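To start, the structure under review is shown below, and the notes come after it.
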There are 2 protein chains.
Amino acid sequence: MPTDSTTVHSRRERVRAATVEEIKQTALTLMRESGTAEVRFTDIARLMGITAPALYRYFADRDELLTALVADSFDSLAAALAGAQESVPADDLGGRFLAICSAYRSWALGDPQRFALIFGVPVPSYQAPPDGPTAEAGQRALDHLAALVTDTARLGRLGPPLVAPAAPAVPAAAGTLAEKTEHCADGLAPEIYQVLLLTWSTLHGFVSLEVYGHFNWLDATTLDHLFTTQVRAAALVAGLVQPA
Amino acid sequence: MPTDSTTVHSRRERVRAATVEEIKQTALTLMRESGTAEVRFTDIARLMGITAPALYRYFADRDELLTALVADSFDSLAAALAGAQESVPADDLGGRFLAICSAYRSWALGDPQRFALIFGVPVPSYQAPPDGPTAEAGQRALDHLAALVTDTARLGRLGPPLVAPAAPAVPAAAGTLAEKTEHCADGLAPEIYQVLLLTWSTLHGFVSLEVYGHFNWLDATTLDHLFTTQVRAAALVAGLVQPA
DNA sequence: CATGGACGTTACGAGACGTAACACTTATGA
DNA sequence: TCATAAGTGTTACGTCTCGTAACGTCCATG
């Protein structure tokens with residue numbers, strides 16, 4: 001007999017949650033095997049040993065399931081980035097940066113379909129809810145990088161970016177960045193936020209091309225070195241590390 | 001009465017080519033309206049005033065149509081990059097670089113669905129032919145950037161990259177790059193080819209995130225400035241321009 | 001004018017989504 | 001203890017799309 005309805009779940013709720021989890025895991029399995037589009041209710045049900053209409057007791061339609069998968073993927077990415085940082089001393093900023101970038105890459109390469117689910121074109125006729133959990137979860141994944149940049153600035157080790165900040169003569173732009181800043185944990189300065197974005201896009205560019213196979217003609221060793229170079233370049237441009 | 005079967009096409013062939021073109025254009029229209037996945041033979045046929053099975057006289061199946069669209073998109077991107085360069089003096093290397101990058105971005109923003117078609121996860125259950133025209137067309141689009149880097153090196157204006165080339169101690173990696181080099185027009189040195197790839201991925205990262213809406217919370221002016229900054233940073237890192 | 005090929009049509013089967021109606025299980029409460 | 005209600009799963013069904021098959025129709029060629 002459950003006593004607390006908020007923290008303790010009834011048996012029914014636990015079973016239901018387990019079923020939801022099984023559905024999502026089965027969908028992920030199918031996605032990894034056959035691509036993002038091959039998430040068929042029919043197949044999920046068959047793998048689970050039930051019939052397709054039963055799934056509609058848990059997800060209103062295909063979009064709702066995909067939305068859940070996207071949200072979970074953001075969580076997974078955020079967890080991967082967080083875990084990578086924990087294995088590096090907090091004051092080793094260069095190491096933390098490399099760890100974050102490597103974790104981003106490893107996560108993407110280890111689960112390309114989920115990467116595509118998050119950062120690619122959504123999926124056949126799937127439109128992500130504009131203000132749903134998706135957008136917020138994306139911010140969360142990015143916040144790890146933001147935290148690193150903030151720490152670097154706090155420790156006084158953030159050098160001037162090699163390229164002058166954009167839009168110095170246009171206060172409106174800075175204002176816009178400042179708005180976003182408030183949403184961020186500790187009120188990053190616009191310049192720092194810009195550094196963060198450019199770093200992210202540099203990192204993302206390499207990983208994205210690699211994941212989608214546009215570097216397939218290079219061998220793994222070469223790719224590793226190229227990635228390291230790209231990360232070092234990004235850190236240098238951002239002022240996260242000092243030129244040698 | 002057609003005389004030359006290689007250059008002159010019969011009336012039938014011309015009509016057929018026009019129909020093929022109309023099918024592709026209609027598919028693109030649908031794709032731009034409703035997303036990459038909404039390319040239904042039924043809808044294409046309805047818009048064209050014919051019935052769906054008629055389309056199978058021109059494309060064996062959905063994949064074949066999509067492959068054609070991908071190939072055309074690469075052509076379009078390559079043409080956009082080529083056109084951008086023509087409007088800039090050949091010896092204005094910085095200008096050419098900015099022009100290429102801007103064209104890349106403009107092309108992507110002007111037709112996000114085609115960008116996704118090329119660089120995203122292919123499409124519902126669509127697997128690009130491994131050695132089909134797709135891969136080669138991708139190289140062609142990239143060759144414009146390669147030509148620029150080559151020209152810069154020829155004119156002796158390619159400074160040393162700000163970040164040491166990757167894998168200096170691993171000849172195998174350089175060998176791999178050298179292999180690819182032979183495929184390229186003029187035998188780029190491995191270092192130069194690396195610069196090209198890193199530049200491309202930096203450019204692609206920003207554009208990709210922007211196209212897929214991950215920068216939606218920034219206004220257009222801010223984005224323009226950020227893009228310029230990103231491009232300048234890439235050029236600097238690559239050694240395409242000298243530090244001030 | 002007869003023939004063959006290209007083009008388009010209707011008819012059809014397979015498969016996936018999503019709904020409706022029904023049956024079984026489980027928790028709750030008089 | 002037993003009746004009721006909610007939750008879960010099933011079968012049956014309608015709709016849509018893909019892709020094939022079989023059948024006309026038009027036009028170019030001899």
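FYI, side chains are in, hydrogens and waters are out, and symmetry mates aren't considered; it's all heavy atoms of this structure. Just so we're clear, the structure is a prediction, and the values are computed from it rather than from any experiment. Proteins get letters first, then strands, A, B, ... in listed order; numbering begins at 1 in each.
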Legend entry - Length of the line joining B/R40:CZ and C/dC17:C1', which is rounded to integer Å: 12 Å

Inset, instruction - Indicate the ring-plane relationship of B/Y104 and B/F119, choosing parallel, tilted or perpendicular according to the 30° and 60° boundaries. - result: tilted

Inset, instruction - Mind checking A/Y58 for me? I need base, sugar-phosphate or nothing, with any heavy atom below 4.0 Å counting as a touch. - result: sugar-phosphate

Legend entry - Touch class at under 4.0 angstrom, heavy-atom based, for A/Y56 against every strand present: base

Inset, instruction - Compare every heavy atom of A/L226 with every heavy atom of B/L198, then report the nearest pair and how far apart it is. - result: CD2-O, 3.8 Å

Inset, instruction - Could you check how far CG of A/L55 sits from P of C/dC17, rounded to whole Å? - result: 9 Å

Legend entry - Ring centre gap for A/F41 and A/Y56 strictly below 6.0 Å: yes

Inset, instruction - Could you check how far CD of B/E13 sits from P of D/dA28, rounded to whole Å? - result: 13 Å

Inset, instruction - Can you label the angle between the A/W200 ring and the B/H214 ring as parallel, tilted or perpendicular, going by 30° and 60°? - result: perpendicular

Inset, instruction - Check whether any side-chain N or O of B/T51 sits under 4.0 Å from OP1 or OP2 of C/dT9, and answer yes or no. - result: yes

Legend entry - Between C/dG15 (P) and A/D43 (CG): distance, integer Å: 11 Å

Legend entry - Phosphate-side-chain proximity, B/R12 and D/dA28, N/O vs OP1/OP2 below 4.0 Å: no

Legend entry - A/L66 CG to C/dC17 P, straight-line distance once rounded to whole Å: 11 Å

Inset, instruction - Please determine which of B/T150, B/L196, B/L81 meets the side-chain contact (heavy atoms from CB on, under 4.5 Å) test together with B/L145. - result: B/L196

Legend entry - Length of the CD-C1' vector between B/E64 and D/dG19, whole Å: 13 Å

Legend entry - DNA chain C: 5'-proximal contact among A/R57 and A/A52 (nearest heavy atom): A/A52

Legend entry - Length of the line joining B/R62:CZ and D/dT20:P, which is rounded to integer Å: 14 Å

Inset, instruction - Please report, rounded to the nearest Å, how far the P atom of D/dC18 is from the CZ atom of B/F59. - result: 14 Å

Inset, instruction - Establish, with yes or no, whether the OP1 or OP2 oxygen of D/dC27 is under 4.0 angstrom from a side-chain nitrogen or oxygen of B/R11. - result: no

Inset, instruction - Under 4.0 Å between any heavy atoms, over every strand shown, what does A/T42 touch: base, sugar-phosphate, or nothing? Just pick one. - result: sugar-phosphate

